[in-house]
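Take a look at the structure below.
Chain naming here is simple, since letters A, B, ... match the order of the sequence lines and numbering starts at 1 in each.
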2 protein chains.
Amino acid sequence: MATNQTTQPKTRERILEAALDVFADEGFNGTTITEIERRVGLAAGTGSLYRHFPSKEALLRAAVEREVKLRRAEMEQARAELQAISDPLERRTQEFKQMLRDIRRFDRLYRLMLNEGDRVPELREAIWSALQTPVREQPTEQDAITAIAMAALGGYHLFSIMQGRPFNNVSQDQFIRTLIALVDSARPTEPTSSQ
Amino acid sequence: MATNQTTQPKTRERILEAALDVFADEGFNGTTITEIERRVGLAAGTGSLYRHFPSKEALLRAAVEREVKLRRAEMEQARAELQAISDPLERRTQEFKQMLRDIRRFDRLYRLMLNEGDRVPELREAIWSALQTPVREQPTEQDAITAIAMAALGGYHLFSIMQGRPFNNVSQDQFIRTLIALVDSARPTEPTSSQ
DNA sequence: GTCTATACCAAGATAGAC
DNA sequence: GTCTATCTTGGTATAGAC
């Protein structure tokens with residue numbers, strides 16, 4: 001540990017970061033070791049990368065594992081900060097914004113899960129447990145509403161990517177504002193303070 | 001045309017159908033001509049397929065074009081039948097079910113659009129125009145609600161695929177029923193007949 | 001219009017010098 | 001721990017016989 005000072009042992013990290021980017025963008029088969037080497041600054045085309053990882057598969061798994069850990073930590077951090085908000089409406093707004101941010105944060109992992117889910121099965125469980133979605137055998141009406149909110153935000157995210165602009169030109173703020181109105185109209189348990 | 005009777009000229013069609021399946025499942029790079037040949041019943045590994053299509057790219061485009069045309073026809077057919085329903089609640093239920101069916105119908109195209117959108121840019125426009133989503137510069141509150149419903153259904157579909165079961169165990173019926181309740185509570189313009 | 005054979009190349013991976 | 005060189009495989013695509 002103390003031996004390596006100037007030459008940061010960061011190469012491995014940079015490989016993992018670049019790898020996840022390329023995997024998410026190009027898929028497993030579309031990703032070439034050469035491209036990753038190029039991005040990291042290693043001589044492209046040489047197998048220099050194999051001094052760090054034994055195979056392309058192993059690289060994918062390591063990259064996914066690292067990404068899950070990082071994003072998860074970020075999310076928990078951000079959620080803790082949410083607890084401070086007292087105003088119900090504001091709190092709800094921030095909750096949904098947070099959910100959307102979480103989804104975006106997980107974007108690279110989502111795309112990987114959609115495409116390479118079979119290649120890294122643990123990925124599925126890791127993601128859903130990280131998002132802490134309540135899964136019951138017999139979901140209540142409340143669970144269904146929560147599922148709708150999540151699905152709406154997830155769909156909004158993906159459709160926006162597909163359209164290359166905010167989905168149907170509905171801005172994030174308008175989307176969340178309207179979604180809150182819908183959800184709260186069905187669950188008037190917690191009346192908003194101001195209004 | 002009249003020359004070819006017994007040996008159905010269907011080979012081309014079967015290639016297109018198989019190709020879209022493989023492209024959607026494995027992505028462009030993950031798809032091999034060999035695999036498609038195998039599925040169609042041609043000798044695998046030989047370039048027999050190239051008697052029908054000049055290149056892998058051309059095959060992808062042809063397969064997408066055909067799929068768009070087929071699904072679109074299906075959808076228009078199904079929509080026409082919807083007009084007959086008079087009861088508002090029933091009509092709405094069928095509308096949403098229809099929307100979900102449309103989304104599922106387009107599943108292979110969606111996945112392709114997500115992954116190979118850049119390779120077949122026309123695909124994007126074709127899909128969204130087929131779904132007839134209203135896109136305004138300044139979406140109204142009503143547009144936002146429509147967007148939420150579509151996003152929710154789309155998200156439900158994709159998340160269900162990701163989880164490999166109905167999303168969070170919320171069944172399709174429960175999801176749609178709850179979604180209708182939400183949407184209609186915000187738009188009490190059209191009161192449900194029975195209730 | 002389907003097969004055999006094959007050219008060609010990109011990419012994963014390894015050995016060994018420095 | 002990075003480079004040079006190289007092996008090997010698998011996949012696109014073509015030529016030509018039947």
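When the salt bridge (charged side-chain N to carboxylate O under 4.0 Å, His left out) test is applied to B/R177, the partners found at least two apart in sequence or on another chain are A/E141. Under the side chain to side chain donor-acceptor pair (under 3.5 Å) criterion, B/D21 pairs with B/R108, sequence neighbours left out. Under the rule for a salt bridge (charged side-chain N to carboxylate O under 4.0 Å, His left out), the partners of B/K97 that lie at least two apart in sequence or sit in another chain are B/D173.
Side-chain atoms of A/N29 and B/E26 include no donor-acceptor pair closer than 3.5 Å. A side-chain N or O of A/T46 and one of A/S48 form a donor-acceptor pair less than 3.5 Å apart. B/R91 and B/Q94 share no side-chain donor-acceptor pair at under 3.5 Å.
Side chains of B/Q142 and B/I145 form a contact here, defined as non-hydrogen atoms less than 4.5 Å apart.
Relative ring orientation between B/F159 and A/W128 is described as perpendicular, the plane-to-plane angle rising above 60° on a 0-90° scale split at 30° and 60°.
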Are any protein N/O atoms closer than 3.5 Å to N/O atoms in nucleotides 6-9 of chain D? If there are, list each pair with its distance.
none

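Sequence order on DNA chain C of the closest nucleotides to B/L42 and B/G47 puts B/L42 first from the 5' end.
At the phosphate of D/dG1, neither OP1 nor OP2 sits under 4.0 Å from any side-chain N or O atom of A/T46. Listed pair A/S48 / D/dC3 meets the phosphate criterion, a side-chain N or O lying under 4.0 Å from OP1 or OP2.
B/E37 places its CD atom 13 Å from the C1' atom of D/dT14, with the value rounded to the nearest Å.
We find that B/E67 and B/R71 are joined by a salt bridge, their nearest charged nitrogen and carboxylate oxygen being less than 4.0 Å apart.
Within residues 49-61 of chain A, the residues that have a heavy atom under 4.0 Å from DNA chain C are, in order of number, A/Y50, A/R51, A/S55, A/K56. Applying a 4.0 Å cut-off to non-hydrogen atoms, the residues of residues 21-35 of chain A that approach DNA chain C are A/T31, A/T32, A/I33, listed by residue number.
At most 12 non-hydrogen atoms from other residues, nucleotides or ligands lie less than 6.0 angstrom from CD of B/E65.
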